[in-house]
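The next block holds one structure in the form of structure tokens; read it before the comments.
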Amino acid sequence: MSTEDETTTPTNFIRNIIQADLDSAKHAAVQTRFPPEPNGYLHIGHAKSICLNFGIARDFNGKCNLRFDDTNPEKEEEEYVHAIINDVKWLGFEWSEEHYASDYFQQLYDYAVVLIKQGKAYVDSLSAEQIREYRGTLTKTGIDSPDRNRSIEENLELFAAMRAGKFEDGKYLLRAKIDMASPNINMRDPALYRIKRAHHQRTGDDWPIYPMYDYTHCISDAIENITHSLCTLEFEDHRPLYDWVLDEIKTPCHPQQIEFARLQLKYTITSKRKLNQLVTDNHVVGWDDPRMPTISGLRRRGYTPASIRDFCNRIGVTKKDSFIEVAVLENSIREDLNEHAVRMMAVLKPLKVTIENYPEGQVEELTAKNHPQKEEMGTRNISFSKTIYIERDDFLEDAPKKFFRLSVGREVRLRYAYYITCTGFVKDENGDVIELICTYDPATKGGSSPDGRKVKGTIHWVSADHAIDATVNLYDRLFTHPNPAACDDFTEHLNPESLTVLNNCKLEAALANASTDIHYQFERVGYFVKDNKTKNLSFNRTVTLRDTWAKLDKQNQ
RNA sequence: UGGGCCGUCGCCAAGCGGUAAGGCACCAGGUUUUGAUCCUGGCAUGCGCAGGUUCAAAUCCUGCCGGCCCAGCCA
């Protein structure tokens, strides 16, 4: 198995910190964790975090846990847990231990009691709205709640009653007693526990109260002996609270929280809420729609785990807000697929070609390479006959000089077959070219001529009688705006051409046995993978080939 | 406007006081039975700006400017 991308992971500021901690013997071994909330599918942004956390564990001989941050039963579902497990495995990582924050509910509760006994937490009866008012603003300090000095005994009683399910949602709230005048709003007596009489997918109806993220996360990390707790930049302001909780309850382990910038990809949305909306409002067909930036969508699109890991290695890890260009992701998948994809011939928009001087009824078996540079990938046979299909784009009635393809009087090479020269064409009543008439040179079998004459262009083709029919899905970016998330309504910037379905594609016969886990290059067209959800033979375009001609053509217009 | 964080090539990103790595993109050539791949070369007298310290500053100091995040009983 290739571990190329794993041995070349560049260093970054977090790896440097960890290396220093290991060198100074602050830690004997590193322990990280990947902590998704099971409220949606994993996306390319999560891949960055996964590669960071699991990659560090791997490279420093440490361990990485998978922990579900399942403290909000109203938004979380078991389906997501399964999908997340599947995606992390597919990306190629194995966790040391699998945990759920909900497994710590009792310990979390016990620690809360400890805080109350220390006079560091209190039960507040203010309404949500009042709490907002009392909190103050960015420039105005907050005001103490009237309940702030409730006695420890009373707090203990009320919290026990909360836990016993005696109150309605929102009636009381357990808060940390820190500092209502703190310039950091997160320290103005943050909520620790809320009453939420909701059914939890793992703990059922055991708990009518659920702990908040800030309180849960740090303790969960401490319980698991995490050494470095890596999270995204927006939690930077929460770090003082993370440290406060662990300092107050005096856990033997106090992980170091380190923040890094989340991935932002141009023309892409990476917000579970918004991705969920795309699915719910049917802008796409499911979380694994090949246009989605989800791991499952990328997988169905034909991206490989190695290409995603390579991408994560290339983009780096820093604290700087950045926007990665889609070209970087495309480069990663092209590099992998160029190396591993099996070459095939497929005509997406067929144009019939009749080779006048080729014997009627004759069929020849020609040999084609499965990879032009890798002999070990072998060869296959393809049938050639009098009537073939070529790509519509490979013929132009009025062709510019630099157009190295077919036009009346021009000669091209049919890949692995013969040189043909166009002698005429047939149009239908609309004036559209529907058939080409060509002649072939029998001496050029295999694609080279004994007289050494050169043809500038080589085009792909497929024998009409031997081709198989298939549907091909062409995907383009889902959004037309480079930063849809920043727009008032991101759905207004959906690309109407994000999916083009081609129903009359003609593929070489070998593709009848295509497998969903083999990646193909349709020569001169792009990389494709068989769709794993459709009954009829159908292929998804992963990414196009680089197309210098298309670029030149565009520049000339 | 309180607090936190960030500004090195179009997009990423090394650099941590000794005179600007690398990748993507782009440009120019070469090879090629995929206008693919591959190969060669080009691409920051400059590190947000302005001062200062120093023999020497992207790196240290001061002051500005710009951007991002925080006022959920979400994570």
Side-chain angles (χ1 to χ4, degrees), chain A residues 10-12 16 35-37 39 69 71-72 74-76 124 126-128 131-133 135-142 169-175 182-188 190-196 209-210 212-214 216-217 231-240 259 261 266 272-273 313-332 334-335 338-339 343 345 368-369 371-373 402-405 412-417 419 444 446-448 455-460 521-526 544-553:
Chain A
T11 191
N12 55 55
N16 292 344
E37 181 190 11
N39 67 341
D69 228 321
T71 58
N72 187 359
E74 287 166 340
K75 291 184 177 173
E76 296 151 7
D124 201 343
L126 250 29
S127 69
I131 285 189
R132 198 185 321 124
E133 286 163 7
R135 185 155 37 222
T137 68
L138 296 179
T139 51
K140 215 172 67 191
T141 61
D169 288 14
K171 174 81 176 161
Y172 289 104
L173 184 70
L174 182 73
R175 292 228 258 169
S182 172
N184 180 348
I185 290 183
N186 296 115
M187 299 299 272
R188 317 238 263 233
L192 262 26
Y193 265 92
R194 75 283 216 189
I195 299 172
K196 201 186 274 277
I209 57 172
Y210 290 95
M212 299 291 292
Y213 165 84
D214 285 310
T216 308
H217 205 90
C231 63
T232 44
L233 250 30
E234 68 270 26
F235 292 105
E236 218 153 18
D237 291 339
H238 295 240
R239 195 182 342 129
E259 310 84 11
K266 286 185 182 174
K272 278 196 273 186
R273 206 205 94 237
N313 281 167
R314 284 172 192 266
I315 59 175
V317 178
T318 67
K319 299 191 70 147
K320 190 168 93 180
D321 285 305
S322 58
F323 255 93
I324 310 294
E325 291 180 341
V326 180
V328 181
L329 216 208
E330 292 186 338
N331 175 69
S332 289
R334 283 195 183 111
E335 209 167 82
N338 175 55
E339 182 81 5
R343 312 292 130 126
M345 289 208 283
K369 292 178 179 174
H371 187 114
Q373 281 86 224
K402 292 273 195 178
F403 186 75
F404 308 140
R405 308 180 193 179
V412 300
R413 169 169 37 236
L414 291 178
R415 176 138 241 227
Y416 298 123
Y419 286 8
T444 58
S448 58
V455 288
K456 193 78 174 137
T458 299
I459 64 174
H460 57 104
Q521 181 195 104
F522 291 173
E523 294 206 38
R524 301 210 310 133
V525 180
T544 61
L545 251 33
R546 282 198 183 83
D547 192 346
T548 309
W549 166 249
K551 198 156 65 182
L552 288 173
D553 199 35

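Convention: sequence-line order gives letters A, B, ...; per-chain numbering from 1. Just so it is clear, the model here is predicted, and its values are computed rather than measured.
Looking at the side chain of A:Pro183, the nearest of the listed nucleotides B:G2, B:G35, B:C73 is B:G2. Relative to the side chain of A:Ala128, the nucleotides B:C69, B:C73, B:G35 differ in distance, and B:C73 lies closest. Distance from the side chain of A:Thr139 is smallest to B:G2 among B:A36, B:C74, B:G2. In the set B:C12, B:A71, B:G35, the nucleotide with an atom closest to the side chain of A:Arg405 is B:G35. The nucleotide whose nearest atom lies closest to any side-chain atom of A:His238 is, among B:A75, B:G35, B:C12, B:A75. Picking from B:C74, B:G35, B:C6 the nucleotide with the shortest atom distance to the side chain of A:Phe403 gives B:G35. In the set B:A71, B:A14, B:C5, the nucleotide with an atom closest to the side chain of A:Arg132 is B:A71. Comparing B:A13, B:C70, B:U1 against the side chain of A:Ile185 picks out B:C70 as the nearest.
The closest donor-acceptor contact from the side chain of A:Arg188 to the backbone of A:Ser182 lies under 3.5 Å. A:Lys272 places a side-chain N or O within donor-acceptor distance of the main-chain N or O of A:Glu37, the cut-off being under 3.5 Å. Of the possible polar contacts, one joining the A:Glu76 side chain to the A:Asn72 backbone as a donor-acceptor pair under 3.5 Å is found.
Between A:Tyr213 and A:Phe235, the two ring planes are tilted [angle within 30° to 60°].
With hydrogens and angles left out, the side chain of A:Gln521 and the base of B:U34 share a donor-acceptor pair within 3.5 Å. For A:Arg239 against B:G4, no side-chain N or O and base N or O form a donor-acceptor pair under 3.5 Å.
Phosphate proximity of B:A36 to A:Thr548: present, with a side-chain N or O under 4.0 Å from OP1 or OP2. Residue A:Arg524 has no polar side-chain atom (N or O) positioned under 4.0 Å from OP1 or OP2 of B:U37. A close approach under 4.0 Å does occur between a side-chain nitrogen or oxygen of A:Lys196 and OP1 or OP2 of B:C74. Taking side-chain N and O atoms only, A:Lys320 has a distance below 4.0 Å to OP1 or OP2 of B:U8. Residue A:Thr458 places none of its side-chain N or O atoms closer than 4.0 Å to OP1 or OP2 of B:U32. The shortest distance between the side-chain N/O atoms of A:Arg188 and the OP1/OP2 oxygens of B:G2 is not below 4.0 Å.
Applying the 90° criterion around 0 to the glycosidic angle, B:G4 comes out anti.
As judged by a 4.0 angstrom heavy-atom cut-off over every strand, A:Leu126 is placed among the base-contacting residues. Within 4.0 Å of A:Pro372, counting heavy atoms only, lies at least one base atom of the nucleic acid. Nucleic acid contact class of A:Ser332 (heavy atoms, under 4.0 Å, all strands): none. Among the atoms of the strands shown, only primed sugar atoms or phosphate atoms (P, OP1, OP2) are found under 4.0 Å from some heavy atom of A:Lys266. Note on A:Asp237: a base of the nucleic acid sits closer than 4.0 angstrom, heavy atoms only.
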Under 4.0 Å protein heavy-atom contact, by nucleotide of nucleotides 24-31 of chain B - B base, S sugar-phosphate only: SSSS----
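No option in A:Arg524, A:Glu523, A:Arg415, A:Arg413 other than A:Arg524 meets the side chain to side chain contact (heavy atoms under 4.5 Å, CB included) test with A:Ile459.
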